[in-house]
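Here, residue 1 is the first one in the sequence, and each next residue gets the next number.
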Amino acid sequence: MKIIILGAGRVGQSVADSLVSERNDITVIDTDAERLRDLESRFDLRGVVGDGIDPAVLAEAGAKDTDLLIACAAQDETNLVCCKVAQLLFNIPKRIARVRSMGFQADPLLTGPEGFAVDRIICPEQSLTRYIGKLIDYPEAMQVREFAGGRACLVSVRARAGAPMVGHTVAEMRNSTPEVAVRLVAIYRRFPEEPDRFVACAGETRIEPGDEVFVLAAREHIAHVLATLHRRDATPVRPVRRIMIAGGGRVGLHLALELGKEAGRYLVKIIEDDSARCIELASRLPSDTLVLQGDTTDENLLGDESIDEIDLFLALTDDDEDNIMSCLLAKRMGARRVLALINRRSYADLMHGTQIDIALSPAQAMLGELLAYVRQGDVQAVHSLRRGVAEALEIVVRGDRKTSRVVGRKVSELALPRDVHIGLIVRGLPDSLGAHEVSPDDLREPQVIIPRSGTVLESNDHVVFFLPHKRLVRDVEKLFRVSATFF
C-alpha cells in the first residue's frame, strides 16, 4: 500500500515505524528537513520537505497514486485542510486526520465529503482516556484490549506467586474451568540480562511467577482470569477510587473530565505546575475535582496529599523524565499502582518490569485505530502489543466454501503459521457490512467460542488472533481473503 504521512512528530514517527515494517511504500511530509533526514536514516521511507497543504508538495510526495493519507501534524487545521486538498485534487481514497478539537468530531457535516472529507478522525487524548479507563475497571491488568464490540477482551497480567494457577501448566488451567471461554495465547518471561522472551502456550507450559501472561476471554470472565493469575487469596479486589493525576495538559484534563462524569465514583486530584493552567483546570473540571499547583516530583506535596492512600497514580505530563521520576517516587511513598506516560520507546523499554506498573506509549494506544485502515481483508480491530513487536488482530470470515479458504473448514485444517494462535471466535454478531436485511441469525445472542481442533469456521465469524511477530500478519490476511467472485 502507498501511504503518505503528514507530520514527522512523535505520532508520525511511530506510525511510520509500524507501517514501514509491513513493507508499505511510505512518504513522510514535514517542514523540518533535519527531522526527515533522521527518519530516512532509520527507516526505509522517503521524506519530502514542505507544507502538507500545498498541492505541489503533495504532488511531489506522489499523491496522485496514493492509497492512504494519514495527517498527524501538530495543528488540527493543517490536518483537516490537507485531507480536503487530497480529496479535491488527488482523489486519495482513504484519509485519516488527527484532530484534538471536540467540535469537529461532534459534527459529521464538517468532516464529511462536503466538509473536510475526513474518513476517520483520530484523537490521541480520547484513545488514551479509553485505554486508561479499562485499566481503572480492571486494576490488576497491565493491558486491556477489546474485540467484537467489547464482547471479548485481551488482557495481560503479571503472574504472582501464590495465585491459584501460578505454578500450574496451561493444560491444568484449561481443564480446571472447561466451561469458561478463556484461552492463554502468550507468555513473556524474564531472563537475566536479556529482554523478556516469548514463550508459546503449549499444554505443558508452566506459568511461573513474574511471567507476563496474555489471555483472551469473554468480557464476563476477565475478573476471574485476573484473580487466578494475580491474587493470592479470595479477598475481593479493591476497586480504584482515589486517583491522582500528575499533569494538567490535554491528556490529564480529558481524563479528569471523563472521570468527573461518574459523580461520586472517584476522588480525583490533579497536580499542575503552571498557575494559569490551574485556574483554567479549576474552571473546567467538576467542583469535587481538587486542582493543586505544584511540582509532580515534590515529595512533600505528595506526602501532604496522602499519596499512600492513592489507588492509582497517573503521570501524564509531556516530560518523560518527570513522569518516570514522579511514578517511582509515588510508588516508594505507598501509591498502590502507578502509570507513566512515556513517549520515547527506549525509555519505555527500560521501565518495563520495574516498580512502574504500567509504562504507556501515547502512540501505541492509538496505533491500532490506524492499522485497521491499512490491513487487507475485513479487519475489524488491531491492537499493537509489546511496544509494536506483537499484535492482536480481529478478522471477519467472509464468503462460502467456494470463495473462501476457511469457511466450512476445521481449525486443524487451516494453513496458519506455527506461532499464530486463534484465541477465540465470536459468532452471531450482526453483519457489520450492513448490505443485507436483518436475518434470524443476526438476532441471536452472540456466542464467544474457544476454538478446538475440530471447531468449524462459519461465514461472519469474528476470529481473534494473537501474533507474536508482525511479519506473520500478511500470511493471516492472505488466508482469510475471499476470491474476487465473492463481490
Of all the heavy-atom pairs spanning [X] and [Y], show the shortest one and how long it is.
X	Y	answer
V166	E208	CG1-C, 4.0 Å
V426	A152	CG2-CB, 4.3 Å
D318	N343	O-ND2, 4.5 Å

* To do: Mind running ring pair (Phe, Tyr, Trp, His ring centres under 6.0 Å) on F214 and F198 for me, showing each step along the way?
  => CA-CA 11 Å; F214 282 82; F198 169 72; 9.4 Å; no

| query | Are the side chains of L229 and D211 in touch, meaning some heavy atoms are under 4.5 Å apart? | reply |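 No; the side chains remain at least 4.5 Å from each other.
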
Could you check if a side-chain atom of T66 sits within less than 4.5 angstrom of a side-chain atom of F90, using non-hydrogen atoms only?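 The answer is no; the side chains never approach within 4.5 Å.
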
| query | Between D461 and R427, is there a salt bridge with N-O shorter than 4.0 Å? | reply |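 Judged by the 4.0 Å cut-off on N to carboxylate O distance, R427 and D461 do form a salt bridge.
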
**Electrostatic pair K94-D119, nearest N-O below 4.0 angstrom** =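 The answer is no: the pair does not qualify as a salt bridge.
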
**Prompt:** Quick one: side-chain hydrogen bond (donor to acceptor under 3.5 Å, both in side chains) pairs with a partner in residues 405-416, sequence neighbours left out?
**Reply:**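 Counting only pairs at least two positions apart or across chains, no side-chain hydrogen bond (donor to acceptor under 3.5 Å, both in side chains) contact touches residues 405-416.
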
Under the side-chain hydrogen bond (donor to acceptor under 3.5 Å, both in side chains) rule, what pairs show up with a residue in residues 35-50, not counting sequence neighbours?
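Only Q13-R42, D38-R42 qualify under side-chain hydrogen bond (donor to acceptor under 3.5 Å, both in side chains).
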
Open item on the list: Check whether D400 reaches the backbone of T403 with its side chain - one donor and one acceptor, N or O, closer than 3.5 Å.
Closed with: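 Present.
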
Under 3.5 Å, is there a donor-acceptor pair between the side chain of R231 and the main chain of P164?
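Side chain of R231 to backbone of P164: no pair is present.
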
Do [X] and [Y] get their side chains close enough for a donor-acceptor pair, meaning under 3.5 Å?
X	Y	result
D17	S14	no
Q380	D378	yes
E140	H230	no

Atom NZ of K2 with >12 non-hydrogen neighbours under 6.0 angstrom: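 Counting neighbours around NZ of K2, more than 12 heavy atoms of other residues, nucleotides or ligands fall under 6.0 Å, so yes.
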
**Q.** Rounded distance (nearest 0.5 Å) linking atom CG of D419 with atom CZ of R471
**A.**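 Taking CG in D419 and CZ in R471, the distance rounds to 7.5 Å.
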
